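See below for the structure under consideration.
Owing to the predicted nature of the structure, the values given are computational and were not obtained by experimental measurement.
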Amino acid sequence: MDVKKYIASGVLELYVAGSLSEEENIEVYRNAQEYPEIRKEIEAIESTILSLSKMSSPGISFTKGFHDIRRRTGLYREPITREASERKWDWRTYSGWAAALLFAAGTLWFYLDGKQMKIEMNIVAKENSVLEQQIFEARNTIANSKALLNTIRSKDITVIPLGGQDISPTSYAKAYWNKETQQVFIDAIGLPEPPDGMVYQVWSLKLNPLTPTSIGLLEDFTSDENKIFAVTNLNESEAFGITLEPAGGSESPTLEQLYALGTIPS
């Protein structure tokens, strides 16, 4: 059990006020026996309400604890003896006790209301913290997007459209190659998601004779929302191709699984 969370829930104040069902009272009692922190909190709540009640009606005896108030106002009745039944009631005394109980009930209500307000404020604070984190991440995403846009708009960038092939004619991709930095950005938004256990592999191609060289894998394709991947190309490329290969990649391309291909303009 999370004792701190249990104490903060407000159930102990309701227990002290006698507002719980019999079943709930038994549960609180058992928890108080098992966890000293819960028992101490109950005692502290009783003490607080008794002190405030005593201030409002100093003539009342509080030596028997919080339940004495309930006993004196009729919420708890002891067996009535003949002698007790013959006593004369002093309405002024019971009016004082009733006023004390009302004051205690009001105090408890404010106590509970304040505690609930504190819980709600904590919830709002946590929600604000989550929102701040989301804004922070969004700003980072925007900053990264701007950096990427600046990169692909550079005058040193060569843009290579990669068209769909026989296995998937509607597929497409685009490669942004910066020869100075030896980076290639692959925009793979036009490729279908690979099946489980498969991965897209990017190839640098020399055309005559046909010489493929792997320059990277498009890993975590499904979870990547932007579908933009950076790979490094150290080759004198004449074309780029993307094939579907078993997880981990292949040493040579599976041409039957060629999804996109494009030649580099001279």
Spatial distance of atom CH2 (Trp177) from atom CD (Gln183) [nearest 0.5 Å]:
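So the CH2 of Trp177 and the CD of Gln183 are separated by 13.0 Å.
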Scan for side chain to side chain donor-acceptor pair (under 3.5 Å) pairs involving residues 25-38, sequence neighbours excluded, and state none if there are none.
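Sorted result for residues 25-38: Tyr6-Asn31.
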What side chain to side chain donor-acceptor pair (under 3.5 Å) pairs are there with at least one residue in residues 209-220, not counting sequence neighbours?
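Those involving residues 209-220 are Gln201-Ser214.
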Checking one residue: Ile189. Which other hydrophobic residues are in its cluster under the side-chain 4.5 Å linking rule?
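Reading the cluster by chain and number, Ile189 sits alongside Tyr172.
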Which other residues belong to the hydrophobic cluster containing Leu217, where Ile, Leu, Val, Met, Phe, Trp and Tyr are joined when side-chain heavy atoms lie under 4.5 Å apart, directly or via other members?
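Under the 4.5 Å side-chain rule, Leu217 groups with Val199.
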If you take all heavy atoms of [X] and [Y], which pair is closest and at what distance?
X	Y	answer
Ala188	Ala173	CA-CB, 4.4 Å
Gln165	Leu258	CB-O, 3.2 Å
Gly262	Leu162	N-CD2, 3.3 Å
Glu24	Ser21	OE1-N, 2.9 Å

Which residue pairs pass the ring-ring contact (aromatic ring centres under 6.0 Å, His included) test with at least one member in residues 241-266, sequence neighbours excluded?
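Residue pairs with at least one partner in residues 241-266: Tyr200-Tyr259.
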If you count heavy atoms of other groups shown closer than 6.0 angstrom to CG of Asp196, is the number above 12?
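Counting neighbours around CG of Asp196, 12 or fewer heavy atoms of other residues, nucleotides or ligands fall under 6.0 Å, so no.
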Beyond-backbone contact of Leu12 with Val28, side-chain heavy atoms, under 4.5 angstrom:
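Yes, close enough: below the 4.5 Å cut-off.
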Is Lys174 close to Val159 at the side-chain level, that is, under 4.5 Å between some pair of heavy atoms?
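When only atoms from C-beta onward are counted, Lys174 and Val159 do touch, with a gap below 4.5 Å.
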Can you list, pair by pair, the side-chain donor-acceptor contacts under 3.5 Å of residues 227-244, counting residues two or more places apart and other chains?
unit_1: Lys227; atom_1: NZ; unit_2: Phe221; atom_2: O; d: 3.1
unit_1: Lys227; atom_1: NZ; unit_2: Asp224; atom_2: O; d: 2.5
unit_1: Asn233; atom_1: OD1; unit_2: Asn235; atom_2: N; d: 3.2
unit_1: Asn233; atom_1: OD1; unit_2: Asn235; atom_2: ND2; d: 2.8
unit_1: Asn233; atom_1: ND2; unit_2: Ser237; atom_2: OG; d: 2.9
unit_1: Ser237; atom_1: OG; unit_2: Ser204; atom_2: OG; d: 2.4
unit_1: Glu238; atom_1: OE1; unit_2: Leu207; atom_2: N; d: 2.9
unit_1: Thr243; atom_1: OG1; unit_2: Trp203; atom_2: NE1; d: 2.8
unit_1: Thr243; atom_1: OG1; unit_2: Glu245; atom_2: OE2; d: 2.7

